[in-house]
Structures are given as structure tokens and as C-alpha cells.
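Sequential numbering from 1 along the given sequence is applied to the chain's residues. Just follow the structure's listing: the first ligand is 1, and inside any ligand the first atom is 1. Because the structure is predicted, anything quoted here is derived from the model rather than measured.
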Amino acid sequence: MAEKKKIILTGDRPTGKLHVGHYAGSLKRRVELQNSGEYDKIFIMIADAQALTDNADNPAKIRENIMEVALDYLSIGIDPAKSTILVQSHISELTELSFYYMNLVTVSRLQRNPTVKAEIQMRNFETSIPVGFFTYPISQAADITAFEATTVPVGEDQAPMLEQTREIVHKFNAVYGETLTEPQMLLSENQACLRLPGIDGKAKMSKSLGNCIYLSESEEDVRKKIMSMFTDPGHIRVQDPGKLEGNTVFTYLDAFSRQEHFAEYLPEYANLDELKEHYQRGGLGDVKVKKFLNSVMQEELSPIRARRAEYEKHIDQVYEILRSGSETAKETAAKTLEKVKHAMRIDYFRDPVFLAEQKEKFQKF
Ligand code: TRP
């Protein structure tokens with residue numbers, strides 16, 4: 001048998017511009033995986049249909065962010081020659097798959113999904129949870145299986161979705177025969193990247209808290225945000241010993257700085273451990289550390305900014321990338337849907353024995 005193809009599927013909800021938390025947690029890794037040449041196919045999905053599950057009254061917000069997210073993808077180095085970028089709502093097959101998968105999942109199983117639970121609380125849905133929102137883990141299983149993904153690089157918060165997907169795959173294959181591919185989740189290996197805090201030190205970066213650094217932000221705005229970052233509130237004078245725990249600037253350095261950055265921007269220190277050691281001992285001011293972080297971040301963000309500026313001049317090309325990517329993706333998903341219906345034996349008009357079987361049953365003369 002031919003070796004199984006390695007296929008990536010991942011995506012983001014287009015509810016806003018992507019920020020450095022997305023970048024550290026998942027986007028950067030995607031580009032590395034894309035460029036590793038190890039994958040046969042890569043699908044990156046703008047999950048507009050999923051975004052609508054809790055934004056039914058505001059489709060304009062989703063519409064506005066389709067192009068923003070596409071530009072974010074292209075600017076970080078997602079290459080349309082290597083990766084297929086698609087818009088979820090264009091792939092109607094995903095909805096059909098979801099409908100069949102719904103029969104394999106119980107309400108109580110959905111209620112146990114910790115990410116959905118947390119989101120329900122955050123949005124104050126309580127007793128008014130939209131059914132579509134409640135069932136989005138099932139639709140996410142459709143996304144993943146439709147493209148026969150073997151690998152799903154995502155942020156840590158998506159682990160429950162992957163678990164649910166794998167359960168659906170097992171159940172489907174057990175009931176209808178080996179059909180769907182079981183996906184593996186791929187997390188960032190860098191602990192600091194798993195959940196980058198907001199610039200105010202709050203656990204999560206979120207647009208409503210106004211504590212994000214966006215990939216598309218200007219150099220000056222990024223600098224201002226870094227210089228205003230939360231550090232150790234007890235570190236008042238330079239000579240005071242400083243704490244690393246909960247210190248956002250150091251969390252960002254853990255996520256983004258590399259050994260080479262020291263030689264280039266802060267040669268008094270050989271590496272991050274030395275810098276941390278000095279900070280804890282006392283005698284190292286926040287401003288100096290923040291300036292270093294700014295250099296590191298600007299080095300990461302400036303090529304992203306430059307690429308974005310180029311693509312912004314050619315929106316018609318970006319539109320075409322999305323349109324043709326969505327077409328290609330639709331063809332792939334249609335093949336999986338065909339297999340699924342065949343496995344369930346509901347492909348009556350493609351099934352050569354269906355008619356013969358029914359004739360045998362009814363035409364007894
Ligand atoms: N739930 C993901 C998020 O909120 C977006 C998403 C939708 C996704 N479908 C997916 C991620 C399939 C990975 C695979 O960011």
C-alpha cells in the first residue's frame with residue numbers, strides 16, 4: 001500500500017485581525033511546516049461559518065475580516081503556491097458532513113467540552129446558547145476530516161476540538177467501516193508560545209481588552225505597546241531585584257528571543273538566562289529590557305509588515321487566491337463526502353446494486 005499522505009488542515013475565525021498571540025501559538029509554526037517540504041498538502045481555512053455561530057447578528061464583522069485574515073496569512077509567509085487558503089462557507093460539503101456527524105455525538109459529550117464551556121461563560125450565553133455555536137466542535141471535525149488531515153497545528157485551546165474529532169473518527173469508522181482519517185494535533189514546543197499574555201499581563205490577548213499587538217500594526221505603535229507592557233509591579237527602582245514570574249516582557253522574550261539577538265542588540269549578555277539572572281539580582285531596569293524586546297519583535301514583524309504592504313497593493317490577486325483556493329478545497333471535500341455517503345450506504349444513485357436490490361424486493365413476479 002502506498003504510504004499515507006501527510007496533510008495539514010488548520011484555520012482561524014475571522015472575527016478580527018490576527019495578533020502576535022496567534023503568531024507565537026500557531027501561525028509561525030505553520031509557515032515552518034509549509035516550508036519544511038514534508039507535507040503533501042496544506043489547507044489553511046478562514047473559518048467564517050464557525051465565526052458566524054456566535055455572530056449571527058453581525059455578519060458584517062465577519063465579512064470585514066475575511067481579507068484582513070487573508071492578508072495576515074500572506075504577510076507571515078503562507079505561500080499560495082504551497083498552501084491552499086480557503087473560505088469555509090464556500091465549502092457546503094462541510095455542512096453536510098457535520099449533519100451526519102451530529103448523529104454520532106451526544107449532547108452531554110458536547111456539554112463537557114472545556115473550550116466551549118469557557119466560551120459560553122465568556123459570552124454570557126448561559127441559557128441562550130445558539131445551537132450552531134454549541135455544536136461547532138462537530139463542524140470542526142467536519143473541517144478536519146473533509147481534507148483527510150493527518151496533522152492539525154493549532155493553539156492549546158483547540159485540544160478539546162481535536163479530541164472530539166478523533167472520537168467522531170473512531171465512532172464513524174466503527175459504525176460504517178474504515179473511512180475517515182484520524183488527525184494528530186501539533187502544539188508549539190515552546191511553553192511561552194502556548195498562551196502569550198496580553199500586554200497588560202492578563203492571561204489572554206483579546207480585542208475587547210485592548211491588550212493585543214497586531215501583526216499589521218505600525219512600528220511605532222508596536223514600540224509604544226512594548227514600552228507600556230506590564231512587568232513586575234514590585235520592581236520600582238533599577239537596583240531592586242525583579243521577578244520573572246508573571247512578567248510579560250520576559251514571557252515575550254521566552255517566546256521570541258534567540259541567542260543571536262543578544263550579540264546583535266544586547267551584547268553585554270550572552271543569552272536570556274544571563275539577562276534574567278541580572279534582572280532577578282537587581283540593577284537592571286525595565287526600560288532596557290523593553291528596548292531589547294522591541295528590537296527582537298521589530299526584527300520579526302518588519303518583514304511581515306513589508307509583505308503585507310505589497311499584497312495590499314494587489315487586493316485583486318488576494319481575492320483570486322481565496323477564490324481559487326476555495327474551489328480546490330471544495331473538490332477535495334466533495335470526494336470525502338462521497339466516501340462518507342458510500343460508507344453509510346446512502347449514495348443511492350451512485351450505488352449500482354441499489355436498484356437491483358429494490359427490484360428484487362418489490363417486483364416479485
Ligand atoms: N476553532 C478555531 C479557532 O477558534 C478555528 C477553526 C475552525 C479550526 N475549524 C478548524 C482550527 C479546523 C483547526 C482546524 O481558532
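Judged purely by atom type and a 3.5 angstrom limit, Arg29 uses its side chain to pair as donor or acceptor with the backbone of Leu187. The closest donor-acceptor contact from the side chain of His235 to the backbone of Leu284 lies under 3.5 Å. The backbone N or O of Thr150 lies less than 3.5 Å from no partner atom in the side chain of Gln184, so there is not a single donor-acceptor pair. Side-chain atoms of Ser326 come within 3.5 Å of backbone N or O of Val87 as a donor-acceptor pair.
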Contact table, ligand 1 N/O with protein N/O, distance under 3.5 Å:
residue, atom, partner, partner atom, Å
ligand 1, 1 (N), Gln50, OE1, 2.7
ligand 1, 1 (N), Gln140, OE1, 2.9
ligand 1, 1 (N), Gln158, OE1, 3.0
ligand 1, 4 (O), Arg13, NE, 3.2
ligand 1, 9 (N), Asp143, OD2, 2.8

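The hydrophobic clustering, which links ILVMFWY residues whose side-chain heavy atoms are closer than 4.5 Å, places Leu186 and Ile76 together.
Scored by the salt bridge (charged side-chain N to carboxylate O under 4.0 Å, His left out) test, Lys225 finds Glu217 as partners (sequence neighbours excluded).
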